[in-house]
Amino acid sequence: MSQLSDPVAFFEDSGIAQAIRESDTLFPFIESVHVVAICLVVGSILALDLRLLGLASVERPVGRLANAVLPVTWSAFAIAATSGFLLFISNATKYLANGYFDAKIILICAAGLNMIVFHAIGAKDMPQWEKQAQPPLPARLAGALSILLWIAVVACGRWIGFTMQVL
Amino acid sequence: MEALLTGFSKWLAATSLSHIIQSVTWIIPTLQTIHILCVAIAFSSAVMVDLRIFRLFERDEPLSDVARRFLPPIWPVLVILLITGSLLIIGEPRRSLLNTTFYLKMALLIVAILLTATLQRTALASPGLFDDRSRRLSGQLLATLSILVWCGILFAGRWIAYTQAG
C-alpha cells in the first residue's frame, strides 16, 4: 500500500497539483479541455464502431476509415489523458477513494483491451471483409462492446462530479 | 428582464416536473451523460469535416462525400440535445436562466448551427468545394471558425457549473 500511496502523495503535494487545487479558474479550464478531448475520443471512435456494426460509412473500407479516424482518436486521447492526470493529481487521494473514478479507469483499460484483442484476432482477416457493408460477427461484437464501454466511461466521469466532496 | 427571468425560474422550479427532476437523484447525472454523449457526436462530426477541409482527414474522398456522411446526423442529435438541455433547465432553472455563461453558450450554438448548415448545403451542392487554391483559404477560415465555436460551446457548457447564481 505504501508503495502505491507514496507516488500518489508525491504528485498530490507537487507545485502543479497545489496550483490547480488553489486556483479558481485552473481546474475548470483543465476540466473543459478534458471534456473537449473526451468528446472527440468518443465521437471519433463511435464513427468506427458504427462502421464495424455495418450501420454507418458502409461504402468505406473499414481499414481506410480506421486510418483516418484513429489518429484523431489517439491525439484526442493523449490530451484527455494528460488533462485527466492533472485533474487527478489535484486531489489524488479523494479520487482514488471514489468508486466511479476507479470504475472509469478500469473501463478505459477495458476499452483499450477490446481494441487490442480486435486488432490481434478480429482484424487478422480484415482485407477479406473490410469492403463488406456488414463485417463478420467478431468485428461487430468489438464495435458494440466499444460503444457500451465508452458510454459507461462518460457516465462514470459525470458521476464522479456528483460524488466527490472536494470543495 | 432579470426580474422576469427570476420570476419564470421560480415558477419553473415549482412545477411538478421540476420537483421530480430535483428529487430523484439519478435523473440529472443521467440527463447530463446523455447530453455529453450527444455533444460528443455533434462536435466530432463537425470537427471531422473541418479536418477534411484542412486535408487532415479522409483526403482520398471528396469533401462532399465526407460532409454527406458526417453532417446530416448532427440534426437529430441536436434535437436530443435540446430535449435533455430543456429538462436540465426545468430541473435547475436558476443554474442556467440566471447565468450569463448559458446565454453565451446559446449564442455560440446559433453560430455553430448556421455554420454547419451553410457548410452542409454548399459542400453537398459542389463536390470540389475548397479544392481550388483560390477557395482553399476561405474553406480553412470556415473550418477554423467552426472548430473554435464548437470548442467555445463545450467550454461554456462546463463553465455554467462554475458561474451559476448562488
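Numbers restart at 1 for each chain; the letters A, B, ... are given by sequence-line order, proteins then strands. If you're wondering where the values come from, they're calculated on a predicted model, not measured in any experiment.
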Atom CD1 of A:I16: over 12 foreign heavy atoms under 6.0 Å: no

Polar side-chain atom of A:S23 near backbone of A:A19 as donor-acceptor pair, under 3.5 Å: no

Between A:N98 and A:T163: side-chain donor-acceptor atoms closer than 3.5 Å: yes

Contact class of A:A47 relative to chain B, heavy atoms under 4.5 angstrom: side chain

Side chain / backbone / both / neither for B:I153 at chain A, heavy atoms under 4.5 Å: neither

Contact winner vs chain B - A:E31, A:R64, A:R60, heavy-atom pairs under 4.5 Å: A:R60

Heavy-atom proximity to chain B below 4.5 Å, by part of A:V72: side chain

Which of A:L46, A:L65, A:V36 touches chain B most, by non-hydrogen pairs under 4.5 Å: A:V36

Under 4.5 Å from any heavy atom of chain B - which part of A:A56: neither

A:I151 versus chain B, the contacting section by heavy-atom distance below 4.5 Å: both

Note, B:Y103 side chain near B:L97 side chain (heavy atom, < 4.5 Å): yes

Which of B:F70, B:W159, B:F43 touches chain A most, by non-hydrogen pairs under 4.5 Å: B:W159

B:T25 versus chain A, the contacting section by heavy-atom distance below 4.5 Å: neither

Whether over 12 other heavy atoms sit under 6.0 Å from B:E2 CD: no

Most contacts with chain B, counted as non-hydrogen pairs under 4.5 angstrom, among A:P71, A:A68, A:G161: A:A68

Ring geometry between A:F88 and A:Y95 (parallel below 30°, tilted from 30 to 60°, perpendicular above 60°): tilted

Over 12 foreign heavy atoms within 6.0 Å of CZ, B:R59: no

Under 4.5 Å from a heavy atom of chain A, the part of B:W150 involved: neither

pair B:F54-B:T144: side-chain heavy atoms closer than 4.5 Å: yes

Between A:W74 and A:F77, ring centroids under 6.0 Å: yes

Residue, of B:I36, B:I41, B:I34, B:V39, that accumulates the most heavy atom pairs under 4.5 Å with chain A: B:I36

Segment of A:V33 engaging chain B (4.5 angstrom heavy-atom cut-off): both

